[in-house]
There are 2 protein chains.
Amino acid sequence: MDERGPSSRPDEDGVSLGRTVRIQDVAKLADVSTATVSRALASPERVSPEARARVLEAIAKTGYVPNPAARSLRSQKTYMVLVVLPDLSNTFFSKILRGIEERLFEAGYGMIISDLDGSPEKEAHFAAFTAAGRVDGAILLNGHLFGQSRDGEGMPMKTGIPLVALCEAIPSADIPQIEIDNRAAASRMTQHLASLGHRSIAYVSGPPNNILERERFLGYREGLEASGLRFDPALVLPGDYTIASGIMAGQNLAALATCPTAVFCTSDEMAIGLMRTLLSEGLRVPEDISVAGFDDIEFAAVAEPALTTIRQPRRELGQAAAAVLIDLLQGRPSPKRIRLETELVVRDSVAPPQNREKAPAKSIRTIAMKPT
Amino acid sequence: MDERGPSSRPDEDGVSLGRTVRIQDVAKLADVSTATVSRALASPERVSPEARARVLEAIAKTGYVPNPAARSLRSQKTYMVLVVLPDLSNTFFSKILRGIEERLFEAGYGMIISDLDGSPEKEAHFAAFTAAGRVDGAILLNGHLFGQSRDGEGMPMKTGIPLVALCEAIPSADIPQIEIDNRAAASRMTQHLASLGHRSIAYVSGPPNNILERERFLGYREGLEASGLRFDPALVLPGDYTIASGIMAGQNLAALATCPTAVFCTSDEMAIGLMRTLLSEGLRVPEDISVAGFDDIEFAAVAEPALTTIRQPRRELGQAAAAVLIDLLQGRPSPKRIRLETELVVRDSVAPPQNREKAPAKSIRTIAMKPT
DNA sequence: AGTTCTGATGTAATCGTTTACATGGCCGCA
DNA sequence: TGCGGCCATGTAAACGATTACATCAGAACT
């Protein structure tokens, strides 16, 4: 019945606390009412300096820590935030998470993580989770609202708590969006490739129906157009942002009738997987084919060759989302949309195209001398 | 005062709920007492089938979700678990996290994450967190107990809640440990290198005072000894498991008077960073120098060359830790220590040493033909 | 038939806060 | 001096569940 019995000896400072320290104990010791103790903590300016000092002293003496359950029960606030994401083990998200955690921590909020893992069952569970009032707000990285019933796509979740969409905008929902301009970034990369002389630029896509993917694909086409290149559907290879899909795309690419001189992968994972395949197929990057990525994950800089990519400020994205949510939670006005800057990071995996049909692989080295 | 006002229209199923559905509402609808409703949920066998059916129906009709704060206040259980880790953005941890989350979810527990980020301030905060009873238990990935006061190393945290140490054993604490045999694994890799003919094997360490590091270092020395090789302190390069430290170690390595023929890096991140540096220094892997890693992260297989490493079953480690903690929380007996198997994954970054002093780099290719 | 036990249910106390409302003292203004 | 207002504080009613204890009906045994 009472498992904590044996360990309930006097704790630190010689103050023996029979059990848990309650606000009453503090009140008694400070010779004030519980209301004053509560106020001294929540809104110090509403308590006289002397009373406050006594309360603080009593708290220090007893080691009092407010009981969150009781606090939450009464005040309807949990100081907890739910973060929903599709895949916790993905490098891309974990860096963002860190940004989120930082800000939340500063503001005194805890972070509960839900790895959706593609399971609708989990979605339902976490919809209930929010409904039960276990969290004050949520940050959604999964690109859609969960708990959407019959109405399918169109029906936003009515949780009644503040929500923020991070990275993947949620079109039908009227909630703040924190994101980058995926379209502009993709367009820029495409134009970068084109400006180096590439005329045949393949594209490795993200998962279908993904908002990110739609935007990036639009950017790709825009970039082609802006560079006066024709869009060729045959050069669009399916992917899903994973290393494995990059490897697959590499195989598909190598099997293409006329191999393009450049590939734009919409994630670094795919780019790295793809380079790997290309390399083992005997193609060299960037001499035979240029490869570009997206995200600038840690490994992009140490890939071989180092990956040219688009940097997303992941930590900052997380921080911004958390900041907006906190504003919302605390009733402050907050921007409806934040777009953070991306950056084109030029490394070694992209180079001007070289005429590889004319010579066997070995002699290419001489051609490579050309640039000055 | 009441922000939810405007959105409080009838919800689903046409059942209009003025505000939140309470257990009383369910009780009234099912024509039983609140106690029966509570029991129907917590211990169905203690309620008659008819009553249970009525309760369940009423719950379905009203969409009742128990209020966690109230439940927690009364029952002293939160159904929340704290996971403490040193760096959330690290690939290695995030895969483990996923394993943890899976198991916790199945058992109905939520996961709160604390990214320690090397900040003692945060440790204090989370010590208070557990003390306040916000979680029922914790999984520690950080290798020590927080909240250790004056006594320094030796004083285990007295939180009064079940704890489990994952990966990094906590020597002074009497809590279950889930881990791999780091020492045996490191020894095995060292012997693997030696068995290929390497006589001079460098070691890139983890952070000092880290338990993992200590074990792996012991394994390294053991492996050397078992292979009849002498330990040379000059071949131990400092690292901290990060890519950056691997890059640094690569520079130090290249600067060494007599370059070893093999390097054992105690993390894949370091191995990949190190290979990168080596490559740009003009050394080839594995022809000039073999590189081995530890962990088998996703990128190990697609590194160039593909990394020979030790596979840690990360997801399983997370699952096992969660399972043990759940046992503990539910009063079941649980193992005091679980050691999961590692696996030596042989890829391309390790090869027998080749005599590189006799010939200039170019002609090495002929030597490389040797293997049949 | 009387007693005891068991199983299903209800009643109401309890968990530890926050906070609406009441109180009382003090200041300043007329 | 009297009165409105403000400030600091106290009192006590929530918040919404769990659960110890009481109750009661019926079964089973002597």
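FYI, side chains are in, hydrogens and waters are out, and symmetry mates aren't considered; it's all heavy atoms of this structure.
Partners of A:R39 according to the salt bridge (charged side-chain N to carboxylate O under 4.0 Å, His left out) rule, which considers only residues two or more places apart in sequence or in another chain, do not exist here. Applying the side chain to side chain contact (heavy atoms under 4.5 Å, CB included) test to A:E106 and every residue at least two apart in sequence or in another chain returns A:R103. Take B:S334 and apply the side-chain hydrogen bond (donor to acceptor under 3.5 Å, both in side chains) test, not counting sequence neighbours, and it matches no residue. In this view, B:Q24 satisfies the side-chain hydrogen bond (donor to acceptor under 3.5 Å, both in side chains) rule with no residue, not counting sequence neighbours. Considering only residues two or more places apart in sequence or on other chains, A:D136 meets the salt bridge (charged side-chain N to carboxylate O under 4.0 Å, His left out) condition with none of them. Not a single side-chain hydrogen bond (donor to acceptor under 3.5 Å, both in side chains) links A:N67 to another residue, sequence neighbours left out. Among residues two or more places apart in sequence or in another chain, the side-chain hydrogen bond (donor to acceptor under 3.5 Å, both in side chains) test is passed with B:R315 by B:E102.
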Using atom names, set out every protein N or O paired with an N or O of nucleotides 22-28 of chain C below 3.5 Å, distance rounded to 0.1 Å.
none

Could you list the protein-to-nucleotides 4-7 of chain C atom pairs, N/O on both sides, closer than 3.5 Å?
none

For residues 27-37 of chain A, please give each side-chain donor-acceptor pair under 3.5 Å, one per line with the distance, not counting sequence neighbours.
{"unit_1": "A:S33", "atom_1": "OG", "unit_2": "A:A35", "atom_2": "N", "d": "3.4"}
{"unit_1": "A:S33", "atom_1": "OG", "unit_2": "A:T36", "atom_2": "N", "d": "3.3"}
{"unit_1": "A:S33", "atom_1": "OG", "unit_2": "A:T36", "atom_2": "OG1", "d": "3.3"}

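Phosphate proximity of C:dT9 to B:S48: present, with a side-chain N or O under 4.0 Å from OP1 or OP2. Listed pair B:Y64 / D:dG16 fails the phosphate criterion, with no side-chain N or O lying under 4.0 Å from OP1 or OP2. Put simply, B:T36 has a side-chain N or O that comes within less than 4.0 Å of OP1 or OP2 on C:dG10. Close to D:dT18, at under 4.0 Å from its OP1 or OP2, lies a side-chain N or O of B:R71.
One end of the helix from C:dA1-D:dT30 to C:dA30-D:dT1 points its axis 40° away from the other end's axis, with each axis taken from 5 pairs and the angle rounded to 10°.
Ranked by how close their nearest DNA chain C nucleotide is to the 5' end, B:A70 and B:P49 are led by B:P49.
Per the geometry, CZ belonging to B:R22 stands 11 Å off C1' belonging to D:dA17, to the nearest Å.
Within residues 23-35 of chain A, the residues having any heavy atom closer than 4.0 Å to DNA chain C are, in order of number, A:I23, A:A35.
Nucleic acid contact for B:S38: base, since at least one base atom lies under 4.0 Å from a heavy atom of the residue.
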